[in-house]
Amino acid sequence: MSETTRPPGPPARSGKASALGWILTVGLNVVAPIVTYNRLTEHHGWSEFSALLLSSAWPVLDSAIMVAWRRKLDEFAVVTLVFLVITALVSLIGAHTARALLVKDSGVTGLFGLLCLVTLLAPRPLMFYFGRKFATDGTPESTAWWNGLWQWEGFRSTMRTMTLVWGVAYVAEALARIALAYVLPTGTMVVVSPVMIYGVLGALGLWTAWFGRRRAAEGERRQAEAQAAAAEAAGATTA
């Protein structure tokens with residue numbers, strides 16, 4: 001790639017497709033599993049394992065809708081499904097005390113962090129697929145645009161750095177919550193645990209947005225410097 005070129009801007013987003021995609025993603029991958037799990041365990045006496053297993057049907061439904069609608073399997077739904085299954089399996093391991101359940105819950109976020117780190121060895125890291133989910137409206141044009149950005153070294157570096165930071169942060173968060181589960185009273189930890197989960201998620205979200213803007217600004221600055229140098233060299237040649 002020429003030093004004076006830059007990644008193309010995104011195509012015009014389809015407002016309806018984007019809104020519908022967000023509703024399906026959030027509704028079927030986040031809201032529906034949580035509501036289903038809470039209703040079954042708190043009001044119908046289901047076991048955690050059974051409730052989690054049934055909750056995992058929602059991401060499956062989302063994947064089926066995406067395949068029928070866009071002719072492709074959505075990675076975000078797949079990852080959500082995988083972690084619901086992992087959570088269900090982890091809930092079966094070892095003791096079933098309150099402290100053990102808190103430790104197991106921490107282990108799931110730790111596994112997510114490890115998954116991020118492992119994908120750094122893959123052709124494309126996990127944040128590339130998460131970024132595509134939230135930076136595009138899922139149409140073929142916007143998906144092709146996002147995939148095409150991989151040819152740029154700055155974009156590849158950004159995706160790998162984001163994946164590394166998310167992986168390290170979630171591994172550290174999981175280790176901290178496991179340690180606190182053995183130090184703090186269970187009642188206190190029940191409050192602290194979700195605060196840590198969503199606090200880390202919020203901090204990572206803010207950092208990701210800031211880091212993405214910073215990298216974009218750096219790319220524009222390097223492009224301007226390269227264009228200025230090229231213009232100066234051309235002027236010296238014609239002088």
### Task
Measure the CH2-CG distance between Trp46 and Leu40 for me, rounded to the nearest 0.5 Å.
5.0 Å
### Hydrophobic cluster membership, Leu121 vs Val165, 4.5 Å side-chain cutoff
no
### Task
On the 0 to 90° scale, with breaks at 30° and 60°, tag the Phe112-Phe130 ring pair as parallel, tilted or perpendicular.
tilted
### Message
Quick one, Thr158 and Met162 - any side-chain contact, counting heavy atoms below 4.5 Å?
### Response
yes
### Query
Which atom pair, heavy atoms only, marks the closest approach of Leu120 to Pro125?
CD2-CB, 4.2 Å
#### Entry: Minimum side-chain heavy-atom gap Val171-Val168 below 4.5 Å
no
### Message
Using every non-hydrogen atom in the two residues, find where Arg39 and His44 come nearest and quote the distance to one decimal.
### Response
O-CD2, 3.2 Å
### Query
Is the shortest distance from a Lys or Arg side-chain nitrogen in Glu218 or Arg215 to a carboxylate oxygen in the other one below 4.0 Å?
yes
### Message
Would the distance check show the side chain of Trp146 and the main-chain N or O of Phe128 forming a donor-acceptor pair, the cut-off being under 3.5 Å?
### Response
yes
#### Entry: Flag, side chain of Thr161 to backbone of Ser157, donor-acceptor distance under 3.5 Å
yes
### Query
Would you call Arg124 and Asn147 a side-chain contact if the rule is heavy atoms closer than 4.5 Å?
yes
### Message
Please report the interatomic distance CE(Met127) to CZ(Arg132), rounded to the nearest 0.5 Å.
### Response
13.5 Å
### Message
Would a single hydrophobic cluster contain both Trp166 and Val118, if residues Ile, Leu, Val, Met, Phe, Trp and Tyr are joined by side-chain heavy-atom contacts under 4.5 Å?
### Response
no
### Query
About how many Å separate CZ of Arg213 and OG1 of Thr208, when rounded to the nearest 0.5 Å?
10.5 Å
## Note on the structure
On a heavy-atom basis, the closest approach of Met196 and Ala176 is CE-CB, 4.0 Å
### Task
Determine whether Leu115 and Tyr170 make a side-chain contact, defined as any pair of heavy atoms from C-beta on separated by less than 4.5 Å.
no
### Query
Donor-acceptor pair, Thr109 side chain versus Ala174 backbone, under 3.5 Å?
no
### Query
Atom CD in Glu173, atom CD1 in Ile178: separation rounded to 0.5 Å?
9.0 Å
### Task
Search all heavy atoms of Gln151 against all heavy atoms of Arg156 and return the closest pair with its distance.
O-NH1, 2.9 Å
### Query
Which heavy-atom pair separates Leu204 from Ala169 by the least distance, and what is that distance?
CD2-CB, 3.8 Å
